[in-house]
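Below: one structure, written as structure tokens.
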Amino acid sequence: MNNRSFGIVGFGNIGSKLAYYANQLGFKVYVNDPPLCDNNFQFPDYCTYLDLDELIAASDIVTNHVPLDNSSQYKTVDLFNSDNLSKCKSDAIFVHCSRGRVVNEEALSELLINSPEMQLVIDVFADEPQIHEYLSGRAVIATPHIAGYSRNGKLNGVMMVLDAFEKFTGESFDKSIIASEYRETTFRNECISEDFVYQKIEEYRKIVSDSATFKHIISLNKSERMQEFDRQRKEYPARFEYLKI
């Protein structure tokens with residue numbers, strides 16, 4: 001039986017999908033999203049809502065999917081800091097893929113130095129295009145802020161522009177060419193397994209090989225790293241989504 005837990009901070013478009021699949025894979029799903037909670041949002045019955053500190057302490061995997069906010073009552077700058085990161089399980093997996101400054105990088109570095117069994121997955125950095133050298137090297141997967149760079153995401157953006165243009169002008173366009181570019185599907189419930197999901201994500205997104213490519217820039221000097229970070233983002237190859245609800 002899978003007794004592991006998945007802690008998801010931010011229950012928007014990505015966080016809600018992640019919660020769905022984590023539940024399908026047998027994880028206990030913990031969520032934290034104060035703006036939704038304060039507005040009496042009804043989270044799915046397979047999600048348990050926890051305060052942030054409780055979620056961090058209870059989760060085997062912690063991931064964040066929140067916007068960067070430094071002004072409202074729901075401030076997210078340094079949302080993860082030395083006080084609450086210290087509550088992480090010693091063998092937890094921390095996934096950082098929203099905005100760089102949501103996590104205090106020095107606090108996260110100190111935690112990882114003192115917790116050799118912890119694993120890190122990182123896609124965003126506080127001072128892009130500068131990267132945090134230690135976190136990049138320490139991570140099992142590190143990528144140059146390309147979590148939302150799927151081919152599907154770009155096609156969705158084009159579709160949204162065309163839909164808005166059609167609404168504004170009253171004209172219509174043949175969007176079948178764009179639609180034909182999509183390569184996404186869902187898996188049947190009976191096919192769900194961690195190995196299957198890993199295989200398909202790697203097949204469609206090639207995250208492991210992209211991470212290896214990114215990590216080559218760690219050996220470069222500061223100026224070269226910044227240039228290479230930007231180049232990898234601008235020249236990111238076509239990668240497709242596999243999972244959707």
Side-chain angles (χ1 to χ4, degrees), residues 7-10 12-15 18 32-35 52-53 55-56 61-88 92-116 118-150 153-154 157 205-237 239:
I8 302 169
V9 181
N13 183 47
I14 301 301
L18 182 56
N32 174 267
D33 194 314
L52 182 58
D53 286 9
L55 180 147
I56 292 172
I61 303 173
V62 179
T63 181
N64 57 86
H65 306 278
V66 298
L68 187 65
D69 187 339
N70 195 31
S71 58
S72 77
Q73 70 181 98
Y74 303 111
K75 178 181 175 181
T76 61
V77 172
D78 284 348
L79 182 66
F80 293 87
N81 51 64
S82 57
D83 290 335
N84 55 34
L85 284 172
S86 65
K87 303 182 188 321
C88 278
I93 299 172
F94 190 86
V95 182
H96 183 26
C97 57
S98 58
R99 293 293 183 268
R101 293 190 180 275
V102 167
V103 175
N104 183 291
E105 291 184 338
E106 297 314 311
L108 180 59
S109 297
E110 183 177 354
L111 173 68
L112 292 168
I113 290 170
N114 293 320
S115 305
M118 273 195 71
Q119 296 187 49
L120 171 68
V121 175
I122 189 168
D123 179 61
V124 290
F125 302 89
D127 297 310
E128 296 173 9
Q130 295 183 44
I131 65 169
H132 194 287
E133 187 173 345
Y134 172 74
L135 293 179
S136 300
R138 175 68 164 76
V140 291
I141 294 175
T143 47
H145 202 158
I146 46 79
Y149 268 40
S150 72
K154 293 180 179 180
R205 288 302 301 260
K206 304 186 186 302
I207 292 173
V208 174
S209 56
D210 286 348
S211 175
T213 298
F214 175 70
K215 286 194 172 194
H216 284 307
I217 76 174
I218 297 173
S219 62
L220 304 176
N221 64 44
K222 181 178 178 180
S223 176
E224 292 171 333
R225 282 202 301 263
M226 294 170 65
Q227 293 176 20
E228 184 62 10
F229 182 92
D230 281 337
R231 187 197 68 78
Q232 288 190 19
R233 295 194 78 209
K234 292 175 182 176
E235 300 177 11
Y236 186 59
R239 301 287 189 248

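Not measured: the values here are computed from a predicted model.
Between the side chain of D69 and the backbone N or O of S72, at least one donor-acceptor pair lies under 3.5 Å. Distance alone, capped at 3.5 Å, is enough to place a donor-acceptor pair between the N221 side chain and the S223 backbone. In this structure, E105 contributes its side chain and A126 its backbone to a donor-acceptor pair below 3.5 Å. No donor-acceptor distance shorter than 3.5 angstrom exists from the side chain of T76 to the backbone of V102, with no hydrogens or angles considered. A donor-acceptor contact shorter than 3.5 Å links the side chain of N84 to the backbone of N81. Of the possible donor and acceptor atoms, none in the side chain of R225 sits under 3.5 Å from a partner among the backbone N and O of I131. In this structure a side-chain-to-backbone donor-acceptor pair under 3.5 Å is missing from D33 to V9.
Here the closest heavy-atom approach between residue A142 and residue K215 is recorded as CB-CE, 4.2 Å. Scanning all heavy atoms of the two residues, the minimum distance from N104 to L85 falls at O-CD1, 4.5 Å. Minimum heavy-atom separation, Q232 to T213: NE2-O, 3.5 Å. Of all non-hydrogen atoms in I122 and A139, the two that sit nearest each other are CG2-CB, 3.8 Å. Contact between C97 and H65 at its shortest, heavy atoms only, is SG-CE1, 3.4 Å. Across every non-hydrogen atom of R205 and S150, the tightest pair is NH1-CB, 3.7 Å.
Considering I218, L120, I217, T143 in turn, I218 is the only one that fulfils the side-chain contact (heavy atoms from CB on, under 4.5 Å) rule with S136. Applying side-chain contact (heavy atoms from CB on, under 4.5 Å) to K87 and the options D53, L111, L55 leaves one that passes, D53.
Using a 4.0 Å cut-off between charged side-chain N and carboxylate O, R231 and E228 make a salt bridge.
Between Y134 and H132, the ring planes are perpendicular. Angles over 60° get that label, and only those under 30° would be called parallel.
Atom NE2 of residue H145 and atom CZ of residue R99 lie 4.5 Å apart, to the nearest 0.5 angstrom. Remark: E110 CD to S115 OG distance equals 9.5 Å, nearest 0.5 Å. To the nearest 0.5 angstrom, L18 atom CG is 11.5 Å from N13 atom CG. Going from atom CZ of F94 over to atom CZ of F80 covers 4.5 Å, rounded to the nearest 0.5 Å. Here CD1 of I141 is found 9.5 Å from CD1 of I93. Values are rounded to the nearest 0.5 Å. In this structure, CZ in F125 is found 11.5 Å from CD in Q130, a value given to the nearest 0.5 Å.
Residues L135 and L112 are in side-chain contact: their nearest non-hydrogen atoms beyond the backbone lie under 4.5 Å apart.
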- Message: Pair D210, R239 - check side-chain contact (heavy atoms from CB on, under 4.5 Å), show working.
- Response: CA-CA 10 Å; D210 286 348; R239 301 287 189 248; 2.8 Å; yes
